[in-house]
J.: 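Once you've had a glance at the structure underneath, I'll fire off some questions.
Just so you know, these numbers use all the heavy atoms, side chains as well, and skip hydrogens, waters and symmetry mates. Residue numbers start at 1 and run along the sequence shown.
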Amino acid sequence: MNTTTIVLILAAIVTVSIILIVGSQMRERSRIERARRMTFQEDQYKRAHRLLDEIPGQYLTSELKLLLIKNMEEACQQLSALKSPLPIKQWLEEIRQLKNTVLENNDNRSPVKIDSPEKSNYVKDLLQSLFKMIEGMHKAGKLDNSTAKKNLKYVLFLVHKTHADLHVFQARDYVRQNEIRKAIHAYHLASTEMGKSRDNPLAMKAVKSFRTRIKELEAMGPESDTRSGSQEGQSKLDKEWDTFLHDDEWKKKADYDD
C-alpha cells in the first residue's frame with residue numbers, strides 16, 4: 001500500500017468521523033430544541049389554564065375566557081405536532097367542552113372577595129400575567145389591534161378595581177369599628193384607584209358612589225353611632241360594589257376603541 005493510498009484512507013476516516021460528530025451534535029441540538037419548545041408550549045398551556053381557574057369569576061368576560069381557551073388550544077396543537085408524551089388528546093377534549101360551555105353562556109364561576117392585602121397582590125399578579133399574555137398574542141399576530149386594545153384596557157381596569165376592592169373592604173371594617181376618619185380615607189383611596197380608568201363609565205360611576213359615601217360619613221362626624229340610619233346607605237353601596245362586574249353592563253357602556 002503506497003503513501004498516497006494511506007493518506008486517502010486516513011482522510012476518509014477523518015472525514016467520516018467529522019460527519020458522525022457533526023451529525024451527532026445536530027441530533028442533540030435538535031433534541032434539545034424540541035424539548036425546549038415542548039417545555040415552552042406546556043408552560044403556555046398551564047399558564048392559561050391557571051389564569052382561567054384562579055382569576056376571580058366576576059372579572060372574566062366571555063371574550064377573555066375564549067382568549068385563554070384559544071391559547072390553551074394552540075399550545076396543545078403545538079405539543080401534538082412535537083409528539084409530546086403529555087395527554088394532549090384528553091386536554092383538547094376538555095378544552096372543546098369548556099369552549100362550548102362558554103359559548104352557551106353556561107360557564108358560571110364564583111366571585112371572589114378581595115378582603116386582604118395578600119389576596120389583592122395575588123390577583124394583581126394574575127392580571128399582570130394575563131396582560132402580558134394578551135400582549136404576546138397581539139405581537140404574534142394572533143389578535144387584531146382593536147381586540148387587543150379593548151382587552152388590555154379592560155385588564156388594566158381590573159387591576160385598578162382589585163386595589164379598590166381592598167380599600168372598600170377596609171373602609172367597611174373601619175365603619176363597623178366606628179373609625180369614621182379611617183373609613184373616609186379608605187374610600188378616598190378606592191376612589192383614586194377607580195379614577196385611573198377615566199375612560200371607563202363604570203369606573204366613573206364607582207367614583208361617584210364613593211364620593212357620595214364619603215359625604216355621608218363626613219356628615220356623621222367622627223363620633224357618630226354607625227348603627228343609625230347610615231347603615232341603609234352603606235348596605236346599598238355594598239350591594240352595588242359587590243355586584244359591580246356580575247353582568248354585562250360594562251360591555252354596554254364602555255367604549256374601549258377610542
Side-chain angles (χ1 to χ4, degrees), residues 36-37 39-81 91-92 94-96 98-105 107-109 111-112 114 120-165 193-207 244-258:
R36 185 194 67 78
R37 290 170 61 191
T39 299
F40 175 78
Q41 294 299 335
E42 183 182 358
D43 288 345
Q44 289 289 95
Y45 170 83
K46 289 182 176 179
R47 180 176 70 154
H49 198 294
R50 174 172 171 254
L51 294 176
L52 191 60
D53 282 346
E54 298 183 21
I55 289 177
Q58 70 270 25
Y59 283 11
L60 288 173
T61 64
S62 292
E63 187 169 3
L64 281 177
K65 291 176 185 177
L66 290 173
L67 286 180
L68 289 167
I69 289 170
K70 179 180 180 181
N71 221 31
M72 292 164 61
E73 190 173 33
E74 290 177 349
C76 284
Q77 290 169 349
Q78 291 294 322
L79 285 168
S80 181
W91 290 358
L92 284 170
E94 292 172 355
I95 290 169
R96 185 189 65 79
L98 179 58
K99 186 175 182 179
N100 288 338
T101 302
V102 173
L103 291 172
E104 293 168 2
N105 293 319
D107 184 58
N108 300 314
R109 296 170 187 267
V112 176
I114 311 299
S120 176
N121 288 328
Y122 181 68
V123 172
K124 184 184 72 173
D125 288 343
L126 292 174
L127 292 172
Q128 289 174 338
S129 181
L130 176 59
F131 189 94
K132 290 178 182 177
M133 190 202 80
I134 296 172
E135 271 190 327
M137 293 177 75
H138 179 227
K139 290 177 181 178
K142 298 175 183 178
L143 288 180
D144 59 69
N145 288 335
S146 177
T147 302
K149 180 181 177 181
K150 177 178 67 173
N151 284 284
L152 288 172
K153 290 180 76 172
Y154 178 60
V155 173
L156 280 178
F157 162 70
L158 293 179
V159 172
H160 301 150
K161 184 185 181 298
T162 299
H163 288 297
D165 271 331
E193 283 298 326
M194 295 310 294
K196 294 176 182 177
S197 290
R198 295 183 180 279
D199 57 347
N200 187 305
L202 277 185
M204 292 301 94
K205 179 181 177 182
V207 169
F244 194 67
L245 292 176
H246 292 192
D247 54 30
D248 291 334
E249 185 180 6
W250 71 271
K251 292 181 182 178
K252 300 172 186 175
K253 292 186 177 181
D255 183 0
Y256 291 93
D257 298 323
D258 290 340

J.: Keeping the roles fixed (side chain from K99, backbone from E73), state whether a donor-acceptor pair exists under 3.5 Å.
T.: no

J.: Test of understanding: with salt bridge (Lys or Arg N to Asp or Glu O under 4.0 Å), list the residues that count as partners of R36, not counting sequence neighbours.
T.: E33

J.: Not counting sequence neighbours, which residues clear side chain to side chain contact (heavy atoms under 4.5 Å, CB included) with V159? List them please.
T.: K124, L127, H163

J.: Under the rule for side chain to side chain contact (heavy atoms under 4.5 Å, CB included), what residues qualify as partners of D53, not counting sequence neighbours?
T.: H49, R109

J.: Test side chain to side chain contact (heavy atoms under 4.5 Å, CB included) on F157 and M194; report intermediate values, then the result.
T.: CA-CA 8 Å; F157 162 70; M194 295 310 294; 3.4 Å; yes

J.: For residues D107 and L60, determine if any side-chain heavy atom of one lies less than 4.5 Å from a side-chain heavy atom of the other.
T.: no

J.: Can you list the steps and then say if D125 with Q128 is a side chain to side chain contact (heavy atoms under 4.5 Å, CB included)?
T.: CA-CA 5 Å; D125 288 343; Q128 289 174 338; 3.6 Å; yes

J.: Among all residues two or more places apart in sequence or in another chain, which pass the side chain to side chain contact (heavy atoms under 4.5 Å, CB included) test with L152?
T.: F131, I134, E135

J.: Taking only residues two or more places apart in sequence, or in another chain, which ones meet K142 in a side chain to side chain contact (heavy atoms under 4.5 Å, CB included)?
T.: K70, E74, M137, A140

J.: Run the side chain to side chain contact (heavy atoms under 4.5 Å, CB included) check on L130 and L158 step by step: do they pass?
T.: CA-CA 11 Å; L130 176 59; L158 293 179; 5.6 Å; no

J.: How long is the span from the CD atom in Q58 to the CD1 atom in I114, to the nearest 0.5 Å?
T.: 6.5 Å

J.: Closer than 4.0 angstrom, basic N to acidic O: yes or no for D43 and R47?
T.: no

J.: In sequence, state the C-alpha distance, the side-chain angles, and the governing distance for K161 and Y59, and then conclude on side chain to side chain contact (heavy atoms under 4.5 Å, CB included).
T.: CA-CA 10 Å; K161 184 185 181 298; Y59 283 11; 4.2 Å; yes

J.: Only counting residues at least two apart or in another chain, list the ones meeting salt bridge (Lys or Arg N to Asp or Glu O under 4.0 Å) with R50.
T.: E54

